[in-house]
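Owing to the predicted nature of the structure, the values given are computational and were not obtained by experimental measurement.
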Amino acid sequence: MMFKILYIDCNEPHPVKAFCPLDLAIAVGDTCVLKTDGLLECGRVLVLADEPAAAPGDIAQVLRRATLQDQAQASENALFARTAWKRCQEKIRELNLEMRLLKVRYSLDRSVIKVLYAAEERVDFRQLVQHLAADLRARIEMRQIGARSVAAMTGGYAPCGRRLCCSTWLTEFDNVTMRMAKQQGLALNPANLNGMCGRLKCCLRFEHACYVEQGDSLPRLNDQVTCPEGAGRVADVKPLARRVRICLADQRMVEYDADAVHPL
């Protein structure tokens, strides 16, 4: 059986991936009701996949387009969430917990309150949960998120002048390593390599596959090669430009297209 695949904004750090039947009339910008992790949520469709997909795995399910009653309930929940936020902040200060409160929101039926927070170390929030559950009369779900997710929620502009990828279109965080920066010939300066979150920039990974693919057909650093001016050692490689710098036997530095360089 085939399904539509959607990404939905539910006020989470990242859009929620969901599926729905092909015969459900829904488009980008529509508000819908979905079931995720056993809870009912209300969200806005951000992306609708061009092609239907086979039976999905363990992802959220869109139940219906949101009715006027659903939308009124969601708006009312947002007002209740403001009160819950203030109460949560008060208790955090009272209990002297080392945590930064980021978001407090209700599930659609108000049976669960999700509390998103950031912390440098593990936090014992058992007393906080007890107080909030008694005051707000709902199940409390605490969720610690990482620095990248905090940046996604906060938003901002990257050095390239565009809005942060994590707060606009990026739905998953792939692993980014210092090795990727080395392969791209970047200066290993944290001020240039780290993003707004203080971690390595996600865009280091975007071009990684291209550098790897181009680099596989080029000589490696310190390889012994020949060029039109004689034999030498590879001093630098520019994968995207397909250029190779060579240190000749007389210590002169020359640069050639990769096609003009051959291994010894």
Side-chain angles (χ1 to χ4, degrees), residues 4-21 24-48 58-95 97 99-119 123 125-146 148-155 166-171:
K4 294 178 186 176
I5 302 297
L6 313 90
Y7 287 91
I8 302 170
D9 178 13
C10 294
N11 285 320
E12 292 282 346
H14 305 285
V16 175
K17 186 178 182 180
F19 73 94
C20 70
L24 180 62
I26 195 165
V28 173
D30 288 346
T31 305
C32 62
V33 175
L34 62 151
K35 188 174 185 179
T36 174
D37 296 330
L39 299 176
L40 292 181
E41 303 283 3
C42 189
R44 183 172 60 86
V45 178
L46 297 176
V47 178
L48 185 62
D58 186 20
I59 62 175
Q61 179 183 2
V62 176
L63 303 178
R64 62 181 183 272
R65 292 182 64 179
T67 63
L68 292 177
Q69 184 177 358
D70 293 327
Q71 295 181 51
Q73 177 85 352
S75 298
E76 192 175 51
N77 289 351
L79 296 176
F80 278 103
R82 294 181 185 178
T83 301
W85 168 283
K86 293 178 181 178
R87 187 60 179 156
C88 190
Q89 280 282 41
E90 290 171 0
K91 285 300 178 183
I92 288 173
R93 283 193 286 266
E94 285 179 20
L95 298 171
L97 298 177
M99 57 189 291
R100 175 187 170 194
L101 184 62
L102 297 171
K103 186 179 286 290
V104 177
R105 68 182 192 84
Y106 282 86
S107 61
L108 185 61
D109 59 3
R110 287 206 288 271
S111 61
V112 175
I113 298 175
K114 290 187 177 182
V115 178
L116 276 61
Y117 71 95
V123 179
F125 49 71
R126 287 174 294 182
Q127 282 187 292
L128 175 64
V129 169
Q130 292 174 0
H131 287 299
L132 293 178
D135 292 347
L136 303 174
R137 298 185 179 181
R139 179 163 64 89
I140 309 299
E141 184 177 298
M142 303 292 295
R143 191 166 137 212
Q144 183 175 355
I145 64 176
R148 289 185 170 176
S149 295
V150 172
M153 292 181 61
T154 306
C166 58
S167 65
T168 50
W169 63 271
L170 196 62
T171 58

So how far is it from [X] [atom1] to [Y] [atom2], rounded to the nearest 0.5 Å?
{"X": "Tyr106", "Y": "Leu79", "atom1": "OH", "atom2": "CG", "value": "11.0 Å"}
{"X": "Cys32", "Y": "Leu6", "atom1": "SG", "atom2": "CG", "value": "7.0 Å"}
{"X": "Phe125", "Y": "Met99", "atom1": "CZ", "atom2": "CE", "value": "7.5 Å"}
{"X": "Tyr7", "Y": "Leu46", "atom1": "OH", "atom2": "CG", "value": "11.0 Å"}
{"X": "Leu116", "Y": "Arg143", "atom1": "CG", "atom2": "CZ", "value": "5.0 Å"}
{"X": "Glu76", "Y": "Leu108", "atom1": "CD", "atom2": "CG", "value": "11.0 Å"}

Cationic N near anionic O, under 4.0 Å, Asp70 to Arg65
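So Asp70 does not pair with Arg65 through a salt bridge.
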Apply side chain to side chain contact (heavy atoms under 4.5 Å, CB included) to residues Ile26 and Val62 and explain how you reach the verdict.
CA-CA 10 Å; Ile26 195 165; Val62 176; 4.3 Å; yes
Would you mind listing every side-chain hydrogen bond (donor to acceptor under 3.5 Å, both in side chains) that reaches into residues 127-138, with sequence neighbours excluded?
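Those involving residues 127-138 are Arg87-Asp135.
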Side chains of residues 33-44: which donor-acceptor partners sit under 3.5 Å, not counting sequence neighbours?
unit_1: Glu41; atom_1: OE1; unit_2: Arg105; atom_2: NH1; d: 2.8
unit_1: Glu41; atom_1: OE2; unit_2: Arg105; atom_2: NH2; d: 3.4
unit_1: Glu41; atom_1: OE2; unit_2: Lys114; atom_2: NZ; d: 3.4

Side-chain donor/acceptor of Lys4 to backbone N/O of Leu24, under 3.5 Å:
yes
State whether the side chain of Ser149 and the backbone N or O of Ile145 hold a donor-acceptor pair below 3.5 Å, judged by distance alone.
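No, Ser149 side chain to Ile145 backbone: no donor-acceptor pair under 3.5 Å.
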Passes side chain to side chain contact (heavy atoms under 4.5 Å, CB included), Glu141 versus Val115? Steps please.
CA-CA 6 Å; Glu141 184 177 298; Val115 178; over 6 Å; no
Beyond-backbone contact of Leu101 with Cys88, side-chain heavy atoms, under 4.5 angstrom:
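Yes, at least one pair of side-chain atoms sits under 4.5 Å.
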Can you check side chain to side chain contact (heavy atoms under 4.5 Å, CB included) on Val129 and Met142, steps first, answer last?
CA-CA 8 Å; Val129 169; Met142 303 292 295; 3.6 Å; yes
